[in-house]
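Read the structure below first, then the notes.
Note that these values count all heavy atoms, side chains included, but never hydrogens, waters or copies made by symmetry. The shown structure was predicted, so the numbers you read here are calculated from the model rather than taken from an experiment. Order of appearance sets the numbers: ligands from 1, and atoms from 1 within every ligand.
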Amino acid sequence: MTFSELNLIEPLLQALQEEGYTSPTPIQEQAIPPVLNGDDILGCAQTGTGKTAAFSLPLLQRLHEAGPSHPAKAIRALILTPTRELALQIGDSIKAYGRYTNIKHTVVFGGVGQVPQVEQIRRGVDILVATPGRLLDLMNQGLLSLKYIETFILDEADRMLDMGFIHDVRKVIAQIPANRQTLLFSATMPQEIQKLSASILREPVYVEVTPVSSTAEKIAQKVFFVEKTYKRALLKHLLKGDDIERALVFSRTKHGADRIAKELSKAGISAQSIHGDKAQSTRVKALTQFKNNELKALVATDIAARGIDVDDLTHVINVDLPNEPETYVHRIGRTGRAGAEGMALSFCDDTELPYLRDIERLTKQTIPVEEEQPYHAEYSKLPLGGGKATDKINRSGGGGQNRGPRNAGQGGGGNRRPNQRPAGSQSKDNSPAGSSNNRNSSRNRGRR
Ligand code: AMP
């Protein structure tokens with residue numbers, strides 16, 4: 001399929017050509033026609049799928065075709081997104097895609113002075129990209145009005161929930177006219193987001209794309225329940241065994257990466273750490289040693305690991321679980337490339353159980369627990385449904401008791417706990433209330 005087959009107008013096609021986009025991504029194919037048609041959308045998609053263009057292109061087209069705003073300088077579209085980085089990225093995309101239209105936009109977010117943002121709004125913008133806190137702040141000061149919003153886009157709704165913004169989001173929505181087009185995007189659909197969608201969307205078209213999680217299917221995964229204090233001991237135990245020739249080890253912090261590398265070296269396991277505080281030359285050297293098989297372990301933070309591309313990497317070890325499930329997928333995607341056997345081993349302490357639950361929810365897989373290891377702690381996984389990443393762990397109930405280190409056996413091969421819940425139980429059978437599940441809807445409810 002091509003962008004012109006999606007009936008996009010020439011000014012957008014021209015910009016897309018200059019961006020080097022040759023064909024639409026699946027989410028764009030699915031979302032652009034109904035958005036152009038004025039339908040509401042419930043989109044299950046995450047960053048990296050091309051979702052920004054999926055909503056920005058038809059939005060720009062509708063505004064362009066509608067002509068100048070009435071009254072003049074009224075804000076006609078609002079895009080609400082949880083973080084400043086996302087807000088800026090969306091702003092950049094709109095600028096790029098809309099360069100041959102006369103649609104104006106601006107971005108507002110907290111942590112910086114509001115004066116330039118307010119100035120922009122005063123001069124008149126068609127599209128406002130905002131984070132919830134700053135937006136409410138400006139609204140409360142009477143510096144902007146949402147009275148003329150025709151299209152409202154809620155991006156990364158589940159992250160809004162995780163970050164505690166959902167009340168602010170509801171307050172914002174209360175100020176937008178009910179007779180609007182609403183697009184809601186979320187990588188996952190926890191219950192609270194389903195409830196929100198049901199209350200703000202009208203007969204939405206449901207669009208979904210396979211998440212990045214699909215890569216995870218090719219990689220064998222295990223999780224090790226272990227108390228934080230024993231994580232480095234467990235790592236040494238695994239790396240001393242014969243199963244692992246070479247491993248990329250992830251640590252959440254730079255300090256942690258250094259400590260791990262130091263402790264491994266002391267134990268006679270060749271290791272180096274790489275992270276943002278290390279000079280580029282030191283990083284390159286460590287990476288070269290790792291590629292040449294001179295290091296058994298390279299310990300990296302997520303940022304530093306970005307450029308690492310080692311073809312026959314067999315093991316990725318997560319000493320800390322990332323709080324963003326997508327990061328887990330990116331991390332483990334470093335192994336199992338070019339036909340290599342891939343194995344991802346993750347350590348999980350009791351504070352990380354919510355992250356594990358989020359990862360299983362995103363990847364729609366249950367990761368088996370490796371109990372045959374000397375530092376096994378008896379935790380119970382959190383149920384997949386409902387809740388959010390910031391849930392407190394009920395240590396007396398759900399957390400379980402740690403038995404402390406067992407006699408060291410051979411890690412790696414042992415029994416696996418049977419899967420506790422069928423993978424995929426989060427899938428379409430769980431589709432949110434109010435979703436029509438109708439991809440080919442051509443309803444026109446006569447809005448604009
Ligand atoms: P997003 O999911 O919106 O964050 O987009 C992910 C990346 O894909 C961005 O860098 C976009 O510039 C890029 N992208 C979006 N749509 C396309 C497309 N149709 N062809 C090529 N790249 C695209």
In terms of relative ring orientation, are Phe347 and Phe224 parallel, tilted or perpendicular, with 30° and 60° separating the classes? perpendicular

Could you name the protein residues that come within less than 4.0 Å of ligand 1, counting only heavy atoms, and order them by chain and residue number? Phe3, Tyr21, Ser23, Pro24, Thr25, Gln28, Thr47, Gly48, Thr49, Gly50, Lys51, Thr52

Per the salt bridge (charged side-chain N to carboxylate O under 4.0 Å, His left out) rule, what does the pair list look like for residues 85-109, sequence neighbours excluded? Glu18-Arg99, Glu19-Arg99

After noting the C-alpha distance and the side-chain angles of Leu143 and Arg122, does the key distance pass the side chain to side chain contact (heavy atoms under 4.5 Å, CB included) rule? CA-CA 9 Å; Leu143 294 170; Arg122 271 211 190 107; 4.0 Å; yes

When you check the side-chain N and O atoms of Arg180 and Thr182, is any donor under 3.5 Å from an acceptor? yes

Between the side chains of Ser346 and Lys222, does any donor sit under 3.5 Å from an acceptor? no

Are Arg246 and Phe290 in a cation-pi setup, meaning NZ or CZ lies under 6.0 angstrom from the ring centre and within 45 degrees of the ring axis? yes

